[in-house]
Amino acid sequence: MPMPHRTFAAMAKRRLIGKEGAARTREIRALMAELPDYRNGPYADLRKWLTGEIEETRVRSNAVHRDSISVRREGAAQVALVGPPNVGKSSILQALSEIQIKTGDYPFTTIRPVPALTRIGGVLVQLVEIPGLIEGANDDRGGGRALLGVLRSVDAIVYCARADANPAELSPVLDEVALAGIDKPAFLAATRADEAPPGALDRLRAAFPGLEVLPVSIIDEASLDAFREAVWRLTGLIRVQLRSNGTTAQEPLALETGATVTDVADAVHHDLGATLLGARVWGPSARFDGQRVGREHEVLDGDTVEILT
Ligand SMILES: Nc1nc2c(ncn2[C@@H]2O[C@H](COP(=O)(O)OP(=O)(O)OP(=O)(O)O)[C@@H](O)[C@H]2O)c(=O)[nH]1
Ligand SMILES: [Mg+2]
């Protein structure tokens, strides 16, 4: 006498709870082996249900879960490159860092966010290419929610559009970011500027009056330097060189704007922050080279500081 079909269905469901992937498929096959082999009626329906479950399990385990993507932060700040496909985002990453990244003359060459470290005035900053942010991203088109999730945690955004592009190409990207309630310091890189006819930049500037527009070409070093400096300004950080015993450290410290001499000492070591008397300062915040200042003196980008204890 076979088990009543309702009892079998209940048991089958119980045995499948919490099982996914190969384990679930194995359990389903075991259940099918226990099922009486009728061609019609409730047992045949159960067999059909189980066959369908195998297929569904397969689909589920192949699905790429893109609800969230995280890009591990490195460096003093994280800055996203966002824009329509094929504008040259990867090429900029490649020009400014050591990474090897696929570039190509077709859209969607990059399919996942790609981080790359670049050195700006001696400080490492992380650039992240955000590919494929398209209209409908907030409704998860093109895995947009995960991409917006990455954008939510960056410090600043560089929008990228081809210098000679129709400004309308960038608008959906800006709209999706705004719709997601993301508002970060930003500028607009007018990419592939070497290909653009005169007057192209004016068109972009007129279309996006709220954004500083900066022409960039990967074959123009000066434009890449200007790009780096613009990225640095976005971070809102300042660079301070440390001097001790007459020698200046190789890597500058990155500090928040408004940092004082005490913050500089704190960044070196907490004890130093507590015990310092003042500092000697060279550079933009000093009235003259080696000026003696107190604990609360505010340092500026490009200063050199010697802590006095
Ligand atoms: N002339 C010129 N071509 C460039 C420049 N930057 C990129 N390109 C070319 O533009 C094409 C697209 O470059 P990618 O860097 O792959 O563009 P992307 O924005 O990362 O593209 P997706 O990842 O597909 O969205 C490639 O053929 C590059 O060689 C540039 O400054 N000048
Ligand atoms: Mg790319």
Side-chain angles (χ1 to χ4, degrees), residues 64 66 69-71 78-118 120 125-138 140-151 154 156-177 186-205 207-208 211-231 234:
V64 184
R66 292 190 63 180
I69 307 173
S70 68
V71 179
Q78 195 179 49
V79 179
L81 268 59
V82 191
N86 211 30
V87 298
K89 302 179 293 297
S90 298
S91 300
I92 293 176
L93 242 62
Q94 190 147 51
L96 296 183
S97 74
E98 305 292 316
I99 68 156
Q100 293 300 317
I101 178 173
K102 209 164 146 190
T103 62
D105 198 12
Y106 46 88
F108 302 109
T109 312
T110 312
I111 51 170
R112 308 263 305 166
V114 180
L117 280 172
T118 188
I120 309 181
V125 172
Q126 187 183 42
L127 301 175
V128 185
E129 174 179 359
I130 309 286
L133 196 73
I134 53 174
E135 196 171 344
N138 281 275
D140 210 25
R141 244 188 103 207
R145 285 217 192 98
L147 300 173
L148 289 166
V150 174
L151 273 191
V154 302
I157 299 177
V158 177
Y159 291 104
C160 300
R162 282 173 70 144
D164 63 357
N166 180 348
E169 280 178 26
L170 183 65
S171 300
V173 175
L174 292 170
D175 291 347
E176 292 297 330
V177 173
F187 72 84
L188 171 53
T191 59
R192 305 173 64 161
D194 55 287
E195 297 175 326
L201 290 182
D202 295 338
R203 208 155 59 120
L204 278 179
R205 289 197 172 104
F208 306 106
L211 283 171
E212 181 198 344
V213 176
L214 190 82
V216 188
S217 160
I218 56 161
I219 55 174
D220 175 3
E221 270 303 320
S223 79
L224 291 172
D225 286 343
F227 180 91
R228 279 194 188 88
E229 283 311 310
V231 167
L234 283 188

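We count ligands from 1, going down the list as the structure has it; atoms in each ligand are counted the same way. What you are looking at is a predicted structure, and each value in this text was computed from that prediction instead of being measured.
Residue Asp194 places a heavy atom less than 4.0 Å from ligand 1.
Only the side chain of Glu129 comes within contact range of ligand 1, with a heavy atom under 4.0 Å; no backbone atom does. By the criterion of a heavy-atom distance under 4.0 Å, both the backbone and the side chain of Ser91 are placed next to ligand 1. Under 4.0 angstrom from ligand 1, the non-hydrogen atoms of Arg192 come from both its backbone and its side chain. Contacts with ligand 1 closer than 4.0 Å are made by heavy atoms of both the backbone and the side chain of Val87.
Taking CD1 from Ile218 and OG1 from Thr191, the interatomic distance works out to 10.0 Å, rounded to the nearest 0.5 Å. Between the CG atom in Leu188 and the OH atom in Tyr159 there is a gap of 10.0 Å [rounded to 0.5 Å]. Taking CG of Asp194 as the reference point, atom CD1 of Ile219 lies at 3.5 Å (rounded to 0.5 Å). Considering CG of Asn166 and CG of Leu204, their distance stands at 9.5 Å, rounded to 0.5 Å. The line from CD1 of Ile92 to OG of Ser97 is 11.5 Å long, rounded to the nearest 0.5 Å.
Looking at Glu129 and the Mg ion (ligand 2) together, the shortest N, O or S contact belongs to OE2.
The minimum heavy-atom distance between Arg141 and Glu135, with the atom names listed, is NH1-O, 2.8 Å.
Backbone or side-chain N, O or S atoms of Ser91 do not reach the Mg ion (ligand 2) at under 2.8 Å.
Looking at ligand 1, you won't find any N or O of Ile219 less than 3.5 Å from one of its N or O atoms. In terms of polar-atom proximity, defined here as any N/O pair under 3.5 Å, Pro85 makes no such contact with ligand 1.
Scanning for ring pair (Phe, Tyr, Trp, His ring centres under 6.0 Å) contacts around Phe208 gives an empty result, with sequence neighbours left out.
Taking the charged nitrogens against the carboxylate oxygens, Glu195 and Arg162 do have a contact shorter than 4.0 Å, which makes a salt bridge.
Close contacts of ligand 1 with Ile218, meaning ligand atoms under 4.0 Å from a residue heavy atom, involve 5 (C), 6 (N), 30 (C), 31 (O). Close approach of ligand 1 to Glu195 is summarised as follows: ligand atoms under 4.0 Å from at least one heavy atom of the residue are 1 (N), 2 (C), 3 (N).
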